[in-house]
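Shown next, in structure tokens, is the structure this report addresses.
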Amino acid sequence: MARALRLAARGIYTAHPNPMVGCVLARDGEIVGEGWHEAAGEAHAEINALTAAGAKARGATAYLTLEPCSHQGKTPPCAPALIEAGIGEVVIAMEDPFPAVSGNGRAALETAGIPVRSGLMQDAAQTLNAGFLSRMQRGRPFVRLKVASSLDGAIAMKSGESQWITGPEARADVQRLRARSGAILTGIGTVLADDPALNVRHEEFDTRGRQPIRAVLDSRLRMPLSAGMLGMPGMTVAYCVDDAARQPLLDAGVHVVRVKRAAGMLDVQQVLADLAAREVNEVLVEAGPTVSGHLLARRFVDELVIYQAPHIMGSETRPMFGTPEWTRLADRLALDIVDLRRVGPDIRITARLKD
């Protein structure tokens, strides 16, 4: 199963919006076939493994990171293919939360007389597909918030100067986060101040030409038609409260979505629900302290990725997060650090919010 999970992770940049899935076929202590789901619309992991195994698949045990599908989608269902190949046993890491599959794939196998076990390395499988699970179970994508700061928590000088706080290795690592994301979320303040492209720029990340959706929180539609992102491949979506000025942006190819106001700004729940409807599994937030602090304070953030550079920028600076007035230690947000490592000269901290 560990091998199947490693195979599944190879689809991290291409499987979107489908889950990442790996399959290993083993018989008599040897692997006879393996495969992973490479891209949406292409063969699933089980089919690739069965093709690799050929006749050796008969009587083998299939190790699957996700319950096999049992319905006709863009590709034929996998459960019948496993049955027809004569698989002797199936071991599943986790059930598929997609309603058309959930429990049905397993039932089809068991009805055909194939023993099925589930739960092996389930936590690792759920972590791998946290975005897909979030979209299926919560109706919103998994939200990852990226911040680059100095060691004393500054993201810019008081004047707004911020290029570059972290080193080239950290900035290249951010491209990895972008490449795996279905959307990049920012605020109009960042667009006006920095004119970011918010695209995947490194060829080493094979996304099959896919660029993440650029999602901009722009309550009054102040996005200039000269914004660099509007000339980039891919989709830009502007979320607003008042869409009276929408026509020039529509003419420029921007998708304009009107949402309610909540907690003093755009209703983020509606924004995330809209992105889920666009089949976005993971959202990367690259925004200023106002948007970042709002998302954190209202617990819309699932994971924090903080790049800290080894220097001190002093007190005349801008902080990572603009939060409500927290006056007691009890107000603080507790984090669980799940990964800590060097990226070039900088430190990368990956943390999850504790319940």
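Since this is a predicted model, take the numbers as computed values, not measurements.
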Partners meeting salt bridge (charged side-chain N to carboxylate O under 4.0 Å, His left out) with [X] (sequence neighbours left out):
X: Arg332; value: none
X: Arg258; value: Asp243
X: Arg138; value: Asp302
X: Arg348; value: Asp173, Asp339

Donor-acceptor pair, side chain of [X] and main chain of [Y], under 3.5 angstrom:
X: Ser134; Y: Arg140; result: yes
X: Thr317; Y: Lys158; result: no
X: Asn129; Y: Leu133; result: no
X: Thr207; Y: Ala179; result: no
X: Ser181; Y: Ile184; result: no
X: Asp194; Y: Pro196; result: no

Quick one, [X] and [Y] - any side-chain contact, counting heavy atoms below 4.5 Å?
X: Met229; Y: Val216; answer: yes
X: Lys354; Y: Leu335; answer: no
X: Leu109; Y: Pro68; answer: yes
X: Thr65; Y: Met1; answer: yes
X: Met313; Y: Met157; answer: yes
X: Leu230; Y: Met223; answer: yes
X: Cys69; Y: Cys78; answer: yes
X: Ile12; Y: Met20; answer: yes

Counterpart residues, ring-ring contact (aromatic ring centres under 6.0 Å, His included), relative to Tyr13 (two or more places apart): Phe205
According to ring-ring contact (aromatic ring centres under 6.0 Å, His included), who are the partners of His44, at least two apart in sequence or on a separate chain? His37
Hphob cluster co-occupancy, [X] + [Y], side-chain heavy atoms under 4.5 angstrom:
X: Phe132; Y: Leu64; answer: no
X: Ile31; Y: Ile92; answer: no
X: Met94; Y: Val91; answer: no
X: Val241; Y: Ile188; answer: no
X: Leu266; Y: Ile213; answer: yes

Hey, could you give me each pair passing salt bridge (Lys or Arg N to Asp or Glu O under 4.0 Å) that has a residue in [range]? Not counting sequence neighbours.
range: residues 44-53; result: none
range: residues 100-124; result: Glu89-Arg117, Arg106-Glu110
range: residues 30-42; result: Arg3-Glu34, Glu38-Arg208, Glu42-Arg208
range: residues 280-295; result: Arg144-Glu282, Lys146-Glu286, Arg178-Glu286, Arg180-Glu282

Member of Val147, Ile349, Val174 meeting the side-chain contact (heavy atoms from CB on, under 4.5 Å) criterion with Tyr307: Val174
Residue that, paired with Pro248, satisfies side-chain contact (heavy atoms from CB on, under 4.5 Å) out of Leu225, Leu221, Val254: Leu225
Can you pull out every side-chain hydrogen bond (donor to acceptor under 3.5 Å, both in side chains) where at least one residue sits in residues 263-272? Sequence neighbours excluded, please. none
Looking at every non-hydrogen atom in both residues, tell me the closest pair between [X] and [Y] and how far apart they are.
X: Ala26; Y: Tyr63; result: CB-CE1, 4.1 Å
X: Leu5; Y: Ala125; result: CD2-CA, 3.8 Å
X: Ile306; Y: Ser149; result: CG2-OG, 4.3 Å
X: Asn18; Y: Ala40; result: ND2-CA, 3.6 Å
X: Leu217; Y: Val271; result: CD2-CG2, 3.9 Å
X: Leu25; Y: Ala60; result: CB-CB, 4.5 Å

Rounded at 0.5 Å granularity, tell me how far CG in Leu304 sits from OG in Ser292. 9.0 Å
Between OG1 of Thr236 and CG of Leu249, what distance do you get to the nearest 0.5 Å? 9.5 Å
Residues at least two apart in sequence or cross-chain that pass side-chain hydrogen bond (donor to acceptor under 3.5 Å, both in side chains) with Asn104, listed by chain then number, are none
Passes side chain to side chain contact (heavy atoms under 4.5 Å, CB included), His255 versus Arg278? Steps please. CA-CA 12 Å; His255 295 245; Arg278 298 175 190 272; 4.0 Å; yes
Taking it one step at a time, do Tyr239 and Asp274 satisfy side chain to side chain donor-acceptor pair (under 3.5 Å)? CA-CA 10 Å; Tyr239 295 94; Asp274 180 77; 2.6 Å; yes
